[in-house]
Number of protein chains: 2
Amino acid sequence: MALRRTGLSVTSITTCWGPDVFSQTAEYAIRAMIEIATRPDGKPVLSADLADALGIPPQYLSKLLQSLVRTRILKSVRGRQGGFSLVKSASTVKLRDIIEPFDDLRKYEECILGQPVCNEAGACPLHDFWSVVRQQYLDELSTKSLQDLADYQLDKLHTMNAGLFRRVGAVPGKQTVKDQKAEQK
Amino acid sequence: MALRRTGLSVTSITTCWGPDVFSQTAEYAIRAMIEIATRPDGKPVLSADLADALGIPPQYLSKLLQSLVRTRILKSVRGRQGGFSLVKSASTVKLRDIIEPFDDLRKYEECILGQPVCNEAGACPLHDFWSVVRQQYLDELSTKSLQDLADYQLDKLHTMNAGLFRRVGAVPGKQTVKDQKAEQK
DNA sequence: GTACTACAAGACCTCAATGTCTTATAATCC
DNA sequence: GGATTATAAGACATTGAGGTCTTGTAGTAC
């Protein structure tokens, strides 16, 4: 399964790393939104703090959050006491709202085998199977809210206050970027 | 959803085209295998003929098929009367066998949200949902055989002898690359 | 109003999947 | 055995997602 290289070139077809449900960008967005939603108070969160807590490249996260500001599910405040915060309640933000700015869901309307026409009238061999799975996925995106995700995450953290997660930003006493800078002085 | 470009660079995060179930390469492989399996006789099929019938870049398809020869689900014969053909019966070739050389299915063991640990003990907010969908998908890969896919395809072609498919290679009288060359002379 | 802080935004870099080009090699027909 | 046909395989080109760097701009504290 590993790449087989001889000299400078690839002998066989380069092995790809397989399918992703979300793009890397969308995955970052989901995790960041959950993190923001689980912060106890509604205070704006610094992009750098989020990046630090979640292990996401800071600059990249910043641009990503700006995109979400543009789609009106986040707002940003500049200057001191600034940062990113939710525009509306987490329960009204659906998973789909977070993903759509990055992953084109129209992809799911296309045939899984790339046939130009694939519907009930003329389907590809995997149509029946895929149409079921696809619908489950799309339903989940439209149904599940940010609140649901945040609740789940908080519940987990409380019941098993453990070191299983790298992300502990929601835990009181978490060291922020600001704290670290203060220490260095 | 479209790319927003100003001058040479991209203003916002480049919009990705979303998730793919199969990589492009694996998709090609599946379609090629179905095509080979639906050829009436067991005669070897030319790579160029397949590429032509399926609209796949010929050289790329050639390399891809060579990979499948290496994994022993295809065999190739050089020279005249040569081409690619199945090693064993289509009913013993599972969808998984076709995909695995290209798409790393271990990807499906990982967390959909990229958390280092995500199992029953400590799950991400989407774990319950995703573990169901994932299993359905993996089951389909392990269960469905090339014969199933070929039967489905042949059935469709017979019942609705229509112009809905670009691929008509299984239809008797199909013009092959060889035919075209003959015409040009 | 000046210094500071934090978001905003475009240019640029990297890498892997995908696709193309060219040459080598093997099998068959005559 | 020589011409022909078709696979084999490495080198090279392309493209877009992901990621970094640098500079600009806006808001706040004092």
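No hydrogens, no waters, no symmetry mates; every other heavy atom, side chains included, goes into these values. Convention: sequence-line order gives letters A, B, ...; per-chain numbering from 1.
Following rounding to the nearest Å, A:Phe22 (CZ) and D:dA17 (C1') show an atom-to-atom distance of 17 Å. Atom CG of A:Leu65 and atom C1' of D:dG19 are 15 Å apart (whole Å). Counting to the nearest Å, the C1' atom of D:dG19 and the NZ atom of A:Lys63 are 8 Å from each other. Distance A:Leu74 CG to C:dC7 P: 12 Å, rounded to the nearest Å. Between A:Leu64 atom CG and C:dG10 atom C1' the separation is 17 Å, expressed in whole Å. When the C1' atom of C:dC21 is taken as reference, atom CG of B:Leu61 falls 17 Å away, rounded to whole Å. At whole-Å resolution of the value, CG in A:Asp103 and P in D:dA17 are 10 Å apart. The separation between B:Tyr60 atom OH and D:dC12 atom P is 19 Å, rounded to whole Å.
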Q: Could you go through the side chain to side chain contact (heavy atoms under 4.5 Å, CB included) check for B:Leu141 and B:Tyr137 one step at a time?
A: CA-CA 6 Å; B:Leu141 293 190; B:Tyr137 174 69; 3.7 Å; yes
Q) So B:Leu149 and A:Leu126, side chain to side chain contact (heavy atoms under 4.5 Å, CB included) or not? Walk me through it. A) CA-CA 8 Å; B:Leu149 300 176; A:Leu126 289 173; 3.9 Å; yes
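Between B:Val45 and A:Pro57, the residue whose closest nucleotide on DNA chain D is further toward the 5' end is B:Val45.
By the 4.0 Å N-to-carboxylate-O rule, B:Arg31 lies too far from B:Glu35 to be salt-bridged with it.
In this structure, the side-chain hydrogen bond (donor to acceptor under 3.5 Å, both in side chains) partners of A:Ser62, at least two apart in sequence or on a different chain, are A:Gln66.
Considering only side-chain N and O atoms, B:Ser76 lies under 4.0 angstrom from the phosphate OP1 or OP2 of D:dA8. The shortest distance between the side-chain N/O atoms of B:Tyr28 and the OP1/OP2 oxygens of C:dG19 is below 4.0 Å. For the pair A:Arg70 and C:dA9, the criterion of a side-chain N or O lying under 4.0 Å from OP1 or OP2 is met. The side chain of B:Ser62 contributes no N or O atom lying less than 4.0 Å from OP1 or OP2 of D:dT7.
Among the atoms of the strands shown, only primed sugar atoms or phosphate atoms (P, OP1, OP2) are found under 4.0 Å from some heavy atom of B:Val77.
When the C1' atoms of four end pairs are superposed on the next four at each end of the helix from C:dG1-D:dC30 to C:dC30-D:dG1, using five pairs per end, the two resulting axes differ in direction by 0°, to 10°.
The base of D:dT28 lies outside donor-acceptor range of the side chain of A:Arg78, with no N or O pair under 3.5 Å. The base of C:dT18 lies outside donor-acceptor range of the side chain of B:Gln59, with no N or O pair under 3.5 Å.
Of the listed nucleotides (C:dT18, D:dG18, D:dA9), D:dA9 has the atom at the smallest distance from the side chain of B:Gln66.
Under the 3.5 Å distance criterion, the side-chain polar atoms of B:Asp103 are left unmatched by any main-chain donor or acceptor of B:Glu100.
Looking at heavy atoms from C-beta onward, B:Phe102 lies in side-chain contact with B:Leu68 at the 4.5 angstrom threshold.
Listed here is the closest heavy atom pair of A:Ala32 and A:Leu50: O-CD2, 4.2 Å.
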